[in-house]
Amino acid sequence: LEFRRVLFRSSQIISAIGLIFTSVMSVVILWITHNLAKTSKRAETLTHCNSRFEEILNLQFNSDVQKDPIIFYKRFCALQFDQFTYWIHGFISDDIFRYWMMERHDQWKINPVFGGLNYREGWAQGMADWTHTKFIHFMEIVHTRSADDALKEYRDKRNIFKFCKPNKI
């Protein structure tokens, strides 16, 4: 009788340990799956942005776009907005987004001409119909101050998903 009680108690303890182990392993697997999905989504987003950027740059060789460069600038501005949105939501790292915005700052300073329209004029015309004030304000900081200033000001305003942690500059 005593042996049965010890055996019964031991089986309860082993069952409890098994349940705890299974629960812990489920949480670990969920965490790993979440991180893999987040990494995959970030890579997919980066690839998408780079492909769109290349397509937009290739527009410069299109004779119709050379005659009406606003087509180029509207698509270019739309890409910048999408990149900003991806960064706000944590799909683009600070390092990559900072690099992209440093390029925008440099273009603002250099002010290259395409199709008879310089960067500043093209940007203004490309953004003429936009009403997303946070993005417009962000890009004003990038253009007139620096990419670092813009990222610092907007980092805390980001709507990062619950488990995504913003990267540091």
Side-chain angles (χ1 to χ4, degrees), residues 30-169:
L30 181 64
W31 180 81
I32 290 170
T33 302
H34 170 75
N35 283 328
L36 287 174
K38 183 172 67 173
T39 300
S40 176
K41 187 62 179 173
R42 282 184 169 181
E44 180 184 316
T45 302
L46 180 61
T47 301
H48 172 72
C49 287
N50 287 335
S51 294
R52 278 185 60 200
F53 183 69
E54 187 174 328
E55 288 172 16
I56 291 167
L57 285 182
N58 286 333
L59 286 175
Q60 294 177 349
F61 302 109
N62 181 312
S63 60
D64 292 334
V65 175
Q66 289 172 353
K67 293 174 191 167
D68 185 15
I70 196 63
I71 296 167
F72 169 83
Y73 282 105
K74 284 188 176 200
R75 290 190 185 174
F76 182 74
C77 291
L79 173 63
Q80 301 313 301
F81 174 74
D82 290 346
Q83 290 173 341
F84 172 78
T85 302
Y86 296 144
W87 175 72
I88 287 288
H89 290 287
F91 292 116
I92 299 291
S93 72
D94 280 3
D95 292 338
I96 291 169
F97 190 64
R98 179 179 178 264
Y99 172 76
W100 291 343
M101 293 303 106
M102 287 172 62
E103 292 293 314
R104 300 301 73 78
H105 176 78
D106 290 346
Q107 283 186 313
W108 185 265
K109 284 180 14 186
I110 296 167
N111 204 23
V113 176
F114 166 68
L117 201 59
N118 67 44
Y119 178 85
R120 292 178 186 185
E121 293 167 343
W123 183 266
Q125 289 182 34
M127 294 296 297
D129 299 330
W130 287 68
T131 58
H132 193 281
T133 56
K134 288 180 184 174
F135 172 65
I136 292 169
H137 180 253
F138 178 85
M139 290 307 297
E140 285 173 357
I141 296 169
V142 167
H143 285 145
T144 60
R145 291 178 11 211
S146 73
D148 287 335
D149 285 351
L151 268 69
K152 285 176 189 172
E153 185 167 327
Y154 275 78
R155 180 179 293 115
D156 295 335
K157 297 176 183 178
R158 295 195 298 182
N159 182 22
I160 301 298
F161 293 119
K162 190 173 183 179
F163 295 109
C164 293
K165 294 178 183 172
N167 300 318
K168 300 278 186 218
I169 288 184

message: Restricting to non-hydrogen atoms, name the atom on Gly122 and the atom on Ile70 that form the minimum distance, rounded to 0.1 Å.
response: O-CD1, 4.2 Å
- prompt: If you measure from CE on Met102 to OG on Ser146, what distance do you get to the nearest 0.5 Å?
  reply: 9.0 Å
message: Just verifying a value: how many Å separate Thr131 OG1 and Ile136 CD1, rounded to the nearest 0.5 Å?
response: 7.0 Å
message: Could you measure the distance from the CZ atom of Phe84 to the CZ atom of Phe138? Nearest 0.5 Å is fine.
response: 6.0 Å
message: Set out, in order, the CA-CA distance, both residues' side-chain angles and the distance that settles side-chain contact (heavy atoms from CB on, under 4.5 Å) for Ile71 and Asp68, then state yes or no.
response: CA-CA 6 Å; Ile71 296 167; Asp68 185 15; 3.9 Å; yes
query: How long is the gap from CD1 on Ile92 to OG1 on Thr85, to the nearest 0.5 Å?
result: 11.0 Å
The single option from Tyr119, Phe76, Phe72 passing ring-ring contact (aromatic ring centres under 6.0 Å, His included) against Phe114: Phe72
- request: Walk me through it: do Lys74 and Asp129 pass the test side-chain contact (heavy atoms from CB on, under 4.5 Å)?
  value: CA-CA 10 Å; Lys74 284 188 176 200; Asp129 299 330; 3.9 Å; yes
- request: Would you sort out whether Arg104 and Met139 count as a side-chain contact (heavy atoms from CB on, under 4.5 Å), showing the intermediate values?
  value: CA-CA 9 Å; Arg104 300 301 73 78; Met139 290 307 297; 3.9 Å; yes
Side chain to side chain, Tyr73 and Glu121, heavy atoms closer than 4.5 Å: no
field: Short side-chain to backbone donor-acceptor contact, Glu103 and Trp100, under 3.5 Å
entry: no
- prompt: Taking only residues two or more places apart in sequence or in another chain, which ones pass salt bridge (Lys or Arg N to Asp or Glu O under 4.0 Å) with Arg145?
  reply: Asp149, Glu153
query: Should we count CH2 of Trp130 as having more than 12 external heavy atoms under 6.0 Å?
result: yes
Contact list for residues 47-59, test side-chain hydrogen bond (donor to acceptor under 3.5 Å, both in side chains), sequence neighbours left out: Arg52-Asp82
field: Closest non-hydrogen atom pair between Val142 and His105, with its separation
entry: O-ND1, 2.7 Å
task: Determine yes or no for a side-chain-to-main-chain donor-acceptor pair under 3.5 angstrom, with His143 supplying the side chain and Trp108 the backbone.
output: no
query: Hey, what do you get for OG1 (Thr133) to CD (Glu140), rounding to the nearest 0.5 Å?
result: 10.0 Å
message: Using a 3.5 Å distance criterion without hydrogens, assess whether the side chain of Gln107 forms a donor-acceptor pair with backbone atoms of Pro112.
response: no
- request: Give a yes or no answer on whether the side chain of Thr45 reaches the backbone of Lys41 with a donor-acceptor pair at less than 3.5 Å.
  value: yes
task: Check Tyr86, Trp87, Phe91 against Phe97 for a ring-ring contact (aromatic ring centres under 6.0 Å, His included) and give me the one that passes.
output: Trp87
Point-to-point distance, once rounded to the nearest 0.5 Å, from CZ of Arg98 to CG of Asp94: 9.5 Å
Heavy-atom pair of closest approach, residues Cys77 and Phe135: O-CZ, 4.1 Å
- request: Grab the two heavy atoms, one from Pro69 and one from Leu117, that are nearest each other, plus how far apart they are.
  value: CG-CB, 3.9 Å
Intermediate values then yes/no, side-chain contact (heavy atoms from CB on, under 4.5 Å), Arg75 and Leu79: CA-CA 6 Å; Arg75 290 190 185 174; Leu79 173 63; over 6 Å; no
